[in-house]
Number of protein chains: 2
Amino acid sequence: MTDINEPLTQPADRRVETPAARKASPAREASLLALAELLFFAYRDFTRDPDTILKDFGFGRAHHRVLHFVNCHSGLRVADLLDALNITKQSLGRVLKQLIDQGYIVQEAGSVDRRERLLYPTAAGRALVKRLAAPQLIRLADALKAAGPGAEAALRRFLEAMINAEERPKVSSIMASTPVALEDDGKGEAS
Amino acid sequence: MTDINEPLTQPADRRVETPAARKASPAREASLLALAELLFFAYRDFTRDPDTILKDFGFGRAHHRVLHFVNCHSGLRVADLLDALNITKQSLGRVLKQLIDQGYIVQEAGSVDRRERLLYPTAAGRALVKRLAAPQLIRLADALKAAGPGAEAALRRFLEAMINAEERPKVSSIMASTPVALEDDGKGEAS
DNA sequence: GAAATTAAGTCAACATGACTGACATAAACG
DNA sequence: CGTTTATGTCAGTCATGTTGACTTAATTTC
């Protein structure tokens, strides 16, 4: 209790602070803080619809993320997934195992390097992804429309710049791979 | 703009396929999915810096959210906070208690309704918020700059539209209250 | 071909922050 | 006065994140 008035000289380490001290005006700071708040609210609601659907399957948001990446970049390796999600093998293992056991994802040994397990969505997996994505796509499309012309391009530039510079190559490489649309190509072996 | 979307009658319950209308082209869907992915990456990195700092204090992201709202909208009631965060009393209670016990937040009975506990940041709380916000403000400012002129206004319109329509009044009302800048000036405990 | 490295899977143990539902208190309202 | 409201709290559960150590299989390196 009590180092209330302590000046917070944290042990943390010299993180951030960026080069030449950037000092925004208080008004500018308040404006950016409000933007951060908006981002929080937007993201909160963006994830809400799929979260609700997932509950019916006994899944959580972690499953959604895995399903999304496996569907949109099908054939990626477990290591790629770990990289994209930035979680531990253990964490991923739990949800991935469930998704595999329940038939939403299959794995296949890599043809060049057979240690690698390449991940693919099953038809059921594609159908579930499609269903989870549906409300999000509508929300995104509506919001882009509301934001007006040009907003989409600006938004993409903004979001890309928000990503850690060191991570950008990794992200680009993942995003460049099999940018596949939501196809449930007929056969719905489950849902 | 295509009329990919229309009514947005999608309360998260009406799952599966939107009516008959609203079918985006596969290419458009892929493009929006990529946008969703970017949003995930951006948000992931946006929260990373403060998360790292918080660990040094034994706090988590939940503490950050509470601190942020109490600082930016100081004097809000516990009920307002529950509304903003969309979590349960129990969940909030835990982190709020820690923040109060450790001297980052103080509460004061409302003057009109003494049942209400109005929340205020202490000097230590303001200092911590400032420190947590610093990397985020820099990131936001940089990203806005990278996105080019006009991006900020478009982004705000986009984010606002991403929020559930029913939630917007609540959000507006919270955001309208005491949009305070990051000042860790004099002033100590709650007024 | 043996050794080292790498990709993946797994174990145990643990922390955080969500949840539910029930209940206690104090203040305000009618 | 009794009811409702705002808050706080108890007990228990669940999802998802963490670390560190270890196994297995395949590839690479010497």
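In what follows, every chain begins at residue 1, and chains take the letters A, B, ... in the order their sequences are listed. In what follows, every heavy atom counts, from backbone to side chain, and hydrogens, waters and symmetry copies are set aside. The structure displayed is predicted, hence computed values, not measured ones.
In this structure, A/Arg94 reaches the bases: a heavy-atom distance under 4.0 Å links it to at least one base atom across the strands shown. Residue contacts for B/Gly93: at a heavy-atom cut-off of 4.0 Å it reaches no nucleic acid atom on any strand shown. Nucleic acid contact for B/Arg77: sugar-phosphate only, since backbone atoms but no base atoms lie under 4.0 Å from a heavy atom of the residue. Within 4.0 Å (heavy atoms only), A/Asp51 reaches no atom of the nucleic acid at all. Backbone-only engagement by A/Gln107 is indicated by non-hydrogen atom pairs under 4.0 Å involving sugar-phosphate atoms exclusively.
Inspection of the B/Asn164 and A/Arg139 side chains reveals an N or O donor paired with an N or O acceptor under 3.5 Å. No side-chain N or O of B/Gln136 forms a donor-acceptor pair with one of B/His68 less than 3.5 Å apart. Side-chain contact annotation: B/Arg168 with B/Ser173, donor-acceptor N/O pair under 3.5 Å absent. A/Ser31 and B/Arg156 form a side-chain donor-acceptor contact under 3.5 Å, judged by distance and modelled atom types alone.
Atom CG in B/Leu54 sits roughly 15 Å away from atom C1' in C/dA15 (whole-Å rounding). Taking atom CD on A/Glu116 and atom C1' on C/dT5, their separation rounds to 14 Å, with Å as the unit. Rounded to an integer number of Å, the gap from B/Glu108 CD to D/dA6 C1' is 16 Å. If you take CG of B/Asn86 and P of C/dG17, they are 17 Å apart, rounded to a whole angstrom. If you measure from atom CD1 of B/Ile100 to atom P of D/dT7, you get 12 Å, rounded to the nearest angstrom. Put simply, CG on A/Asp56 is 14 Å from P on D/dA15, counting in whole angstrom units. One interatomic measurement links the two molecules: NZ of B/Lys55 to P of C/dG17, which rounds to 12 Å at whole-angstrom precision. Atom NE2 of B/His64 and atom C1' of C/dT16 are 17 Å apart (whole Å).
Closest approach to the A/Leu96 side chain among D/dT16, D/dT7, C/dG9 is made by C/dG9 (side chain taken as heavy atoms from C-beta onward). Residue B/His63 places its side chain closer to C/dG17 than to any other of C/dC19, D/dT16, C/dG17.
At the phosphate of D/dT18, OP1 or OP2 sits under 4.0 Å from a side-chain N or O atom of A/Thr88. One finds no side-chain N or O of B/Ser91 lying less than 4.0 angstrom from the OP1 or OP2 phosphate oxygen of C/dG17.
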Protein-nucleic acid N or O pairs under 3.5 Å, nucleotides 21-27 of chain D:
residue : atom : partner  : partner atom : Å
D/dT27  : OP1  : A/Arg114 : N            : 3.0

Table please: side-chain donor-acceptor pairs of residues 81-89 of chain B below 3.5 Å, with sequence neighbours left out.
residue : atom : partner : partner atom : Å
B/Thr88 : OG1  : B/Ser91 : N            : 3.3

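For the atom pair CG of B/Leu67 and CG of B/Leu119, the computed distance is 10.5 Å after rounding to the nearest 0.5 Å.
The ring pair (Phe, Tyr, Trp, His ring centres under 6.0 Å) check on A/Tyr43 picks up B/Tyr43, with sequence neighbours excluded.
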